[in-house]
Each structure stands twice: as structure tokens, then as C-alpha cells.
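Input: a single structure, listed below in C-alpha cells.
Being a predicted model, the structure only gives us computed values, none of them experimental.
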Amino acid sequence: MLKFLLMLSMIMIISLMNNMFWMVQNMMFLMTFFFIFMNYFGNYFMGLSYFLGCDMISYGLVLLSMWICSLMLLASESVEKYNNYKNLFLFNVLMLLMLLMLSFSTMNLFLFYLFFEGSLIPTMFLVLGWGYQPERLQAGTYLLFYTLLASLPMMVGIFYIYNDLSTMNFYMMMNNMYNYDLLYLVMIFAFLVKMPMFLVHLWLPKAHVEAPVSGSMILAGIMLKLGGYGLLRVFSFLTLSGLKFNYIWISISLVGGVIVSFICLRQTDLKALIAYSSVAHMGIVLSGLMTMTYWGFCGSYTLMIAHGLCSSGLFCLANISYERLGSRSMMINKGLLNFMPSMALWWFLLSAGNMAAPPTLNLLGEISLLNSIISWSWLTMIMLSLLSFFSAAYTLYLYAYSQHGKMYSGLYAVSGGVVREYLLLFLHWFPLNLLILKSDVCMLWL
């Protein structure tokens, strides 16, 4: 792992030079491909250095981080075109990637907490520095305070564990089973806010709507996965308390998912709709994870990876329309089938991914999550069936409203996409549909 961090720090130096925007992006893709060939496919930690290592969960999420960060630069051409502090932007993205890679690959609970919190800062700079509206200040504040307030008690919990076990290593901690309710609460609450669970999700739509496209991509693609990753890690020693209390979070998430789906159905802002759909998807991930069954763990991991690619791709599409039309409102983004005919295919493919149609990875994740949640209690079938139905309903609403209908009268042109945009969307969609062929990696890592 250390060699990748070294490579990343060298790319950071390049990013401060002039006219190196695409060079940095090429270097990041190169690093991603090096990482793909490392094959850390084991259920134990490999590629060890002093405190870093990679097991299967880390491998998938680090790879996702590298991939999405490379694509962020591909999507943020406007930063380069209008010279909007592009060196600072590159440095910020690389700093964020470094913190995310460290979060996912550290084997020490305290260091994970440190990097988990640290990744908040570059994200906030992205929202505050490159966002569009003046409301981004409020969004940044929401983002910061929700996450910080929830994760300060977690630090106390970490110190308690360290005092008890004299180690912070994830592998050493697995031998202990805590049955301590307060510890359980402080350890998982930070992750519930980060997921975000319904009721503590308000920071997410705010942050998404105000963030630039790169901010939205990183938020949807990776920041939400930090919460799921943290839960997968801490449940190895919180199993006993989990068996007692997890029903609360499962109930909130499932009911919340349905409510959020209703909220999606009356959104007029493209970005807000995609952001709320993230909350609904993460609700089902959280429920599956909380059942603490084999299927639930594997399914939540699979859906996290799939959602990272799919949601990020949808935000790219919304941004492509925004750059052409200067608005994200569905009143203006109508009849895009006439305006950008060749983009309609990508809208369709990524919308299909969002409603978990085959052959996307989302389908595999959702099937295993349905299995795990229904085997936990058959009463959940009611909420799950509503959730699945409305998930398809609001995705269809998003697709049908944006592509069909009468074109906005202010537009008198046809605008094709640029090769860069097609490449960007292809690189979201291709792994999403290819990975289902290698699904044993996602499903058999425990």
C-alpha cells in the first residue's frame, strides 16, 4: 500500500505545476490500473506495510476511490477551461484521495477514525470553493456539524477500547465480544450519520445540491461508503449488542427508505432527486448490514460498490445537462431526447442501473439484501416491496420527465456530447455491468 501512497504524493507535486491537469488525470488512471493488478483477493490482510494493509473489503473500496477520483477530473473540465483555481482543485482532489485510501487501508481503529474525519475537510473545501450557489455555506456547515457531532463520542469509545485491550488493530480486536450498550451506541452512531440513515440524512441532499459535479461524485461514490465500511469493521466486536438493538436501525431505515422514495417523486431538481435516491439505497444497505447475516454483509458491500458507480454516473449526467442548459430544474430539462439524442442512451442505461435492472451489479446487491432482510423477519416484506416499487417509480420519473415532453422554448439547437463525456459515462457504466461476471469477489469475501 505504501508504494501507492508514494506515487500519489509524487502526483501531488505534479498537480502544483502549470498546465498539468490532464497529465495528473492520466497518472491517476495509471495508478488505478497498477492497483487492479495487485490482486489483494484474500479474506486476510495483504500488501502490508507498517500500519496499512488490504483485505477484500478494503481492496474494493480503495479501487472505487481511485476510479471515482480519476473520473472526477474527467468530469470537471469546466474548472480547467475557466481556470477556476485548477491547481488548487487538483491538489484538493488528490489530498482527498490520499485520505480516503488511508481510511480504507489502515488496520488501526484510531487511525481509521483520524482519516475518516480528515476526509471531511477536502470535501468541505470542494463544496465551499467550487460550488455554485451562495447556500453552499449552509451546506458546508451542515456537512461539518452533522459528522463531527456524531463522531466525537466515537473517539471516547475508541479510547475506552484501547484502555481495555491495549491494541487498536482490527484483527486483535475480533477476539473480543463487547456487550456494552453505551459503547455500541457511540461506536456506530458516527457511521449511521455518514451512511446516512434516515432522520440524520439532512446534510446529504443539501451538500449534493450545492456541490460541484466533482463534489457530488465523491460524496455519492465514496463518502457514504465510509459509513458502511466502518460498520462492517466494528461489528466484528460489537456482535452481541448488535443482536439486541439492531432491529431499531433496520426499522428506521426501511420505513425511512419508503418515505424518501415519496420525497423523490416530487422533486423538481435533478440533483436533489438523485441525492435523495442515494438515501433510499443506503437505507437498504444499512438494513442488510444490520441483520448481521452472511448474505447481508456481502450484499451491502456489493450494493455499496454498485451504488458508488451508478450514482456518480447519474450526477455526471445531471451536470452535462446543467452545463448545456444552465439549470437543473425539470421544468427546463425536458425533451432532452430532441436536444441531446445520443445522451438519452446513457440516461437510460444509468437509470436502469439505479432501479437495479439486470445485468447491473445493483441487482446482485439488492437480491442478496432482500434475502438477508426477509430471512431476518418476514414482516419487512411490506416495506421492502414498497421500497423496490417506488425505487423503480422515481427512476422512471427521472428518465421520462427529462427525456420526453416538449423541449424548453429557450433552446433552439441540438447539442451533441463531447467524446470526453461519453468516455466518462462509459467508464461508470462498464465496470458496473462487468463486475457481475466476477461476482464471487463481491459475495465470497467473508
Side-chain angles (χ1 to χ4, degrees), residues 1 32-33 35-48 52-68 101 103-107 112 169-171 173-175 191 195 221-222 224-239 242-243 246 250 281-282 284-310 353 356-376 384 430-446:
M1 279 311 296
T32 312
F33 284 118
F35 191 72
I36 289 176
F37 295 126
M38 293 311 286
N39 283 350
Y40 294 127
F41 293 146
N43 50 2
Y44 45 87
F45 279 97
M46 302 157 94
L48 298 173
L52 298 170
C54 236
D55 64 348
M56 198 49 236
I57 320 176
S58 309
Y59 176 76
L61 288 164
V62 170
L63 187 55
L64 184 69
S65 307
M66 288 180 174
W67 193 245
I68 299 277
M101 279 170 65
S103 311
F104 287 132
S105 56
T106 179
M107 294 187 297
F112 168 67
N169 193 303
F170 285 128
Y171 257 43
M173 282 152 60
M174 279 181 191
N175 307 327
F191 300 131
M195 275 294 278
I222 299 152
L224 306 189
K225 314 303 174 271
L226 271 170
Y229 173 78
L231 287 174
L232 284 171
R233 286 280 187 236
V234 297
F235 268 131
S236 61
F237 56 89
L238 290 176
T239 317
L243 291 171
N246 276 358
I250 297 181
H281 285 310
M282 290 330 259
I284 192 172
V285 166
L286 187 62
S287 311
L289 213 157
M290 289 290 185
T291 57
M292 294 201 297
T293 51
Y294 184 88
W295 277 76
F297 269 26
C298 297
S300 60
Y301 172 70
T302 310
L303 195 56
M304 280 198 293
I305 302 257
H307 173 266
L309 289 163
C310 180
T360 50
L361 195 58
N362 299 60
L363 179 76
L364 177 73
E366 290 218 3
I367 287 178
S368 45
L369 285 171
L370 288 177
N371 262 321
S372 70
I373 298 170
I374 290 173
S375 68
W376 178 79
L384 277 171
F430 185 63
L432 185 64
N433 288 269
L434 193 72
L435 279 171
I436 199 159
L437 301 175
K438 190 84 184 93
S439 52
D440 50 344
V441 176
C442 299
M443 295 300 292
L444 303 174
W445 49 262
L446 261 182

Item to complete: Determine the minimum heavy-atom distance between Leu363 and Ala357, stating which atoms define it.
Response: CB-O, 4.3 Å

Discussion item. What verdict does the side-chain contact (heavy atoms from CB on, under 4.5 Å) test give for Met1 and Phe35, after you've listed the backbone C-alpha separation in whole Å, the side-chain angles of each residue and the deciding distance to 0.1 Å?
Written reply: CA-CA 9 Å; Met1 279 311 296; Phe35 191 72; 3.8 Å; yes

Worksheet item: Does Thr291 reach the side chain of Asn246, with side-chain heavy atoms less than 4.5 Å apart?
Response: no

Discussion item. I'd like to know if the side chain of Tyr301 reaches the main chain of Gly365, judged simply by a donor and an acceptor atom lying under 3.5 Å from each other, with no hydrogens or angles considered.
Written reply: no

Fill in: Interatomic distance, Phe33 atom CZ to Met66 atom CE [nearest 0.5 angstrom]
12.0 Å

Worksheet item: side-chain contact (heavy atoms from CB on, under 4.5 Å) between Asn433 and Leu361: does it pass, once the steps are laid out?
Response: CA-CA 6 Å; Asn433 288 269; Leu361 195 58; over 6 Å; no

Worksheet entry | Short side-chain donor-acceptor distance under 3.5 Å, Ser58 and Asp55 | yes

Worksheet item: Say you draw a straight line from OG of Ser375 to CG of Leu370; how long is it, rounded to the nearest 0.5 Å?
Response: 10.5 Å

Discussion item. Tell me if a side-chain donor or acceptor on Ser368 pairs with a main-chain N or O of Leu364 at a distance below 3.5 Å.
Written reply: yes

Worksheet item: Do His281 and Leu224 touch side chain to side chain, with heavy atoms closer than 4.5 Å?
Response: no

Worksheet, complete the sentence: Correct closest heavy-atom pair for Ala356 and Glu366 would be CB-CD, 3.7 Å

Worksheet item: So do the side chains of Met292 and Trp376 get within less than 4.5 Å of each other, counting heavy atoms only?
Response: no

Discussion item. Tell me the closest heavy-atom pair linking Cys310 and Leu432, and the distance in Å.
Written reply: CB-CD2, 4.0 Å

Worksheet item: About how many Å separate CG of Leu63 and CE of Met101, when rounded to the nearest 0.5 Å?
Response: 10.5 Å

Discussion item. Are Phe112 and Tyr229, when compared by the centres of their aromatic rings, separated by less than 6.0 Å?
Written reply: yes

Worksheet item: What closest approach, in Å, do Pro431 and Trp67 show between heavy atoms, and which atom pair accounts for it?
Response: CG-NE1, 3.7 Å

Response to the item:
Heavy atoms of Ser372 and Gly288 approach each other most closely as OG-CA, 3.9 Å

Item to complete: Look only at the side chain of Ser300 and the backbone of Phe297, and say whether a donor-acceptor pair between them is shorter than 3.5 Å.
Response: yes

Discussion item. Please evaluate residues Cys442 and Ile305 with respect to the criterion side-chain contact (heavy atoms from CB on, under 4.5 Å), reporting the C-alpha separation (whole Å), side-chain torsions for both, the decisive distance (0.1 Å), and the verdict.
Written reply: CA-CA 9 Å; Cys442 299; Ile305 302 257; 5.6 Å; no

Fill in: Validation row: Leu231, Leu286 side chains within 4.5 angstrom (heavy atoms)
yes

Worksheet, complete the sentence: Taken to the nearest 0.5 Å, the spacing of Tyr59 OH from Leu64 CG works out to 12.0 Å

Worksheet item: Does the Ser65 side chain pair with the main chain of Leu61, one donor and one acceptor, at a distance under 3.5 Å?
Response: yes

Response to the item:
For Gly53 and Leu48 the tightest heavy-atom approach is CA-CD2, 3.8 Å

Worksheet item: Roughly how far, to the nearest 0.5 Å, is the CH2 atom of Trp295 from the CD1 atom of Ile373?
Response: 13.0 Å

Practice prompt. With side-chain contact (heavy atoms from CB on, under 4.5 Å) as the test, would you mind laying out the steps for Lys225 and Met282 before giving the verdict?
Written response: CA-CA 9 Å; Lys225 314 303 174 271; Met282 290 330 259; 4.0 Å; yes

Worksheet entry | Rounded distance (nearest 0.5 Å) linking atom CD1 of Ile436 with atom OG1 of Thr360 | 6.5 Å

Worksheet item: Can you find a pair of side-chain heavy atoms, one from Val62 and one from Met38, that are under 4.5 Å apart?
Response: no

Worksheet item: So, do Phe237 and Phe170 have ring centers that fall under 6.0 Å from each other?
Response: no

